[in-house]
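Hydrogens, waters and symmetry mates play no part in the numbers below; they use all other heavy atoms, side chains included.
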Amino acid sequence: MTETSSTPSTAGDAQEAPRGRLQRLMRYLPLVAPVLLWAVPCGVLLYTGQHWPLPVALTGTALFVLGLIGMPLAMARGHGRRQQDWAAIVGDTLLGSMWVLFTWSVLLGVLLRLALTVAGVGDGQDRARIVTWAVLGVTAVLLAWGYAEARRVPRVRRVDVELPRLGAGLDGTRVVLITDTHYGPLDRARWSERVCERVNTLEADLVCHTGDIADGTAERRRAQAAPLGTVEATRARVYVTGNHEYYSEAQGWVDLMDELGWEPLRNRHVLLERGGDSLVVAGVDDVTAESSGLAGHGADLAEALEGADPGLPVLLLAHQPKFVDRAAAHGVDLQLSGHTHGGQIWPFHHLVRLDQPALAGLTHHGARTRLYTSRGTGFWGPPFRVFAPSEITLLVLRSAS
């Protein structure tokens with residue numbers, strides 16, 4: 001008995017050791033990441049063989065040091081208790097800009113320099129300066145394009161989704177999905193109006209918002225969210241909370257969406273009926289609600305489906321794609337989610353995939369469940385979208401018959 005009980009303990013210790021090291025490493029990540037974000041481009045652009053005149057090197061270094069100090073201070077002031085919008089704009093813009101500069105400093109600093117060396121172009125200083133100007137040029141182009149992509153009204157992405165259990169009477173049901181609007185420090189009230197106008201051209205039976213409406217309280221961002229009250233649907237407009245609501249008094253957002261005529265699906269469902277057939281439209285609170293400390297909030301799929309006919313197909317709204325495991329266990333037919341932003345700024349999507357089972361688009365999970373993950377309608381923080389375009393999604397539901 002002694003040997004039997006010690007074996008799992010030894011295996012468990014072996015598994016816990018790397019996990020413990022990873023957790024310790026993650027504690028230092030918030031301190032190390034900003035330093036790398038600024039230090040790597042500084043080294044690549046100024047100190048890898050360019051031999052810039054001393055005033056140029058000193059001025060460039062001073063700018064990088066000021067950015068390294070100023071960016072976290074601005075973000076803390078903008079997203080902390082004071083929530084000063086101007087500071088959030090400065091901090092977020094610096095964060096996005098440096099992420100792009102860091103990415104291309106690494107890629108071009110290695111690949112382009114290697115290609116120039118193999119091709120025998122110039123001497124070491126010539127190659128270093130070509131890399132510097134290439135990094136700056138690519139970064140400038142991507143930031144300008146990314147800003148335009150973030151601020152434009154999203155294109156409509158149409159997806160036909162076949163649900164084997166969907167009755168013929170509901171074939172062709174038009175479901176419009178918007179999500180992650182993230183109204184925030186940059187005033188986007190006019191953008192919000194134009195998004196809602198675009199939604200209203202789609203003749204939706206059901207319009208869904210799967211959370212992360214804004215960064216800030218409902219009172220603070222009310223003017224930007226108000227156009228959501230103009231959205232039209234022949235059957236219903238439904239909404240579930242995202243994780244960002246739980247940073248900003250979630251109940252206030254639930255109340256405001258109710259006031260604007262949207263039906264908050266907080267662990268409950270409604271029926272969409274047409275042509276003698278029915279579809280269960282259910283929604284759950286975001287998974288972060290359970291740790292928010294907000295009374296009465298928490299994801300509960302069993303409660304959301306309570307009283308629903310188990311023979312009917314189920315469309316579930318859940319903010320985060322990783323809820324799909326629970327959805328598949330309950331036999332949900334289609335889950336609609338957001339949260340990932342498609343990565344928002346390439347190549348951040350690789351980090352998103354460490355936390356979520358899907359990045360964007362339609363995926364299959366288990367025997368029955370399909371998951372559609374939107375890249376989001378707005379943007380969070382840095383006002384850029386690079387290789388991750390925003391979207392308004394039109395899902396046309398098809399029956400097997």
Q) What orientation do W52 and W133 show, parallel under 30°, tilted 30 to 60°, or perpendicular over 60°? A)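 Perpendicular.
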Q: Given side chain to side chain contact (heavy atoms under 4.5 Å, CB included), test L142 with W104 step by step and report yes or no.
A: CA-CA 10 Å; L142 288 178; W104 292 95; 3.1 Å; yes
Q. Between L334 and L336, is a side chain to side chain contact (heavy atoms under 4.5 Å, CB included) present by the stated rule, with each step listed?
A. CA-CA 7 Å; L334 174 63; L336 303 183; 4.0 Å; yes
For the atom pair [atom1] ([X]) and [atom2] ([Y]), what is the distance rounded to the nearest 0.5 Å?
| X | Y | atom1 | atom2 | value |
| --- | --- | --- | --- | --- |
| S390 | H182 | OG | NE2 | 12.0 Å |
| F384 | T93 | CZ | OG1 | 5.5 Å |
| L37 | L95 | CG | CG | 6.5 Å |
| D180 | H339 | CG | NE2 | 8.0 Å |

Q) Does any donor atom in the side chain of T340 or Q356 lie under 3.5 Å from an acceptor atom in the other side chain? A)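 Absent: no donor and acceptor within the cut-off.
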**Q.** Distance-only donor-acceptor check, side chains S291 and Y246, under 3.5 Å
**A.** no
Ion pair check, [X] and [Y], cut-off under 4.0 Å:
| X | Y | answer |
| --- | --- | --- |
| R194 | E197 | no |
| R266 | E303 | no |
| R268 | E263 | yes |

Kindly say whether [Y] contributes a backbone atom to a donor-acceptor pair with the side chain of [X] at under 3.5 angstrom?
| X | Y | result |
| --- | --- | --- |
| R274 | G169 | yes |
| E245 | D212 | yes |
| S97 | L94 | no |

Q.
For L228 and W262: C-alpha separation, side-chain torsions, deciding distance, then whether side chain to side chain contact (heavy atoms under 4.5 Å, CB included) applies.
A. CA-CA 9 Å; L228 292 173; W262 291 68; 3.9 Å; yes
Q.
So that I know where these two stand, are F387 and W145 an aromatic pair - ring centroids less than 6.0 Å apart?
A.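 Yes.
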Q | Crowding at CD, E203 (>12 non-hydrogen neighbours, <6.0 Å) | A | no
Q) In this structure, which one of V100, I89, I345 forms a side chain to side chain contact (heavy atoms under 4.5 Å, CB included) with P382? A) I345
Q. Under the 6.0 Å and 45° cation-pi test, does R77 pair with W86?
A.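 Judged by the rule (NZ or CZ under 6.0 Å from the ring centre, within 45° of its axis), R77 is not positioned above W86.
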(Q) Using side-chain heavy atoms (C-beta onward) and a distance below 4.5 Å, is V332 in contact with F323? (A) no
Q: Run the numbers on H79 and D215 for side chain to side chain donor-acceptor pair (under 3.5 Å), then give the verdict.
A: CA-CA 9 Å; H79 297 288; D215 296 299; over 6 Å; no
